[in-house]
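Note that these values count all heavy atoms, side chains included, but never hydrogens, waters or copies made by symmetry.
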Amino acid sequence: MAKIKVTKVKSSIKKPQNQKRTLEALGLKRIGQVVEHDSTPNILGMINKVKHLVSVEEA
């Protein structure tokens, strides 16, 4: 399975609660934090919800 690296690049202050929860579910708490996930439809959908707050690259 392909891996992807997700980096939080913007703050979640003044963002809707569902976007804050999505970031937390991805394991992102601090700006600059990087997490690695499998490239599954579930994860890709979560990333799509907060694409304006994160950057994604293939691992």
Side-chain angles (χ1 to χ4, degrees):
M1 177 133 313
K3 295 274 192 179
I4 53 175
K5 285 185 181 179
V6 184
T7 307
K8 184 174 178 182
V9 294
K10 285 184 123 182
S11 174
S12 59
I13 294 173
K14 289 194 172 181
K15 300 293 184 256
Q17 189 67 34
N18 64 338
Q19 291 178 5
K20 291 179 184 181
R21 288 188 182 134
T22 301
L23 286 171
E24 202 171 312
L26 285 169
L28 296 168
K29 295 180 181 174
R30 295 176 303 281
I31 293 176
Q33 184 177 4
V34 180
V35 293
E36 194 169 302
H37 288 288
D38 290 329
S39 182
T40 62
N42 291 343
I43 296 296
L44 294 176
M46 292 167 72
I47 291 170
N48 193 37
K49 255 188 144 172
V50 292
K51 63 186 170 198
H52 55 290
L53 302 175
V54 299
S55 71
V56 181
E57 61 185 54
E58 304 245 346

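For residues 42-59, the set of pairs meeting the salt bridge (Lys or Arg N to Asp or Glu O under 4.0 Å) definition, not counting sequence neighbours, is empty.
Annotation for S11 and I31: closest pair N-CD1, 3.8 Å, computed over non-hydrogen atoms.
If you chain together ILVMFWY residues whose side-chain heavy atoms come under 4.5 Å of each other, V56 ends up grouped with I4, V6, L23, L26, L28, V35, I43, L44, M46, I47, V50, L53, V54.
Scanning for side chain to side chain contact (heavy atoms under 4.5 Å, CB included) contacts around K3 gives E36, D38, A59, with sequence neighbours left out.
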N/O donor-acceptor pairs under 3.5 Å from side chains in residues 13-21, not counting sequence neighbours:
| unit_1 | atom_1 | unit_2 | atom_2 | d |
| --- | --- | --- | --- | --- |
| Q19 | OE1 | H52 | NE2 | 3.3 |

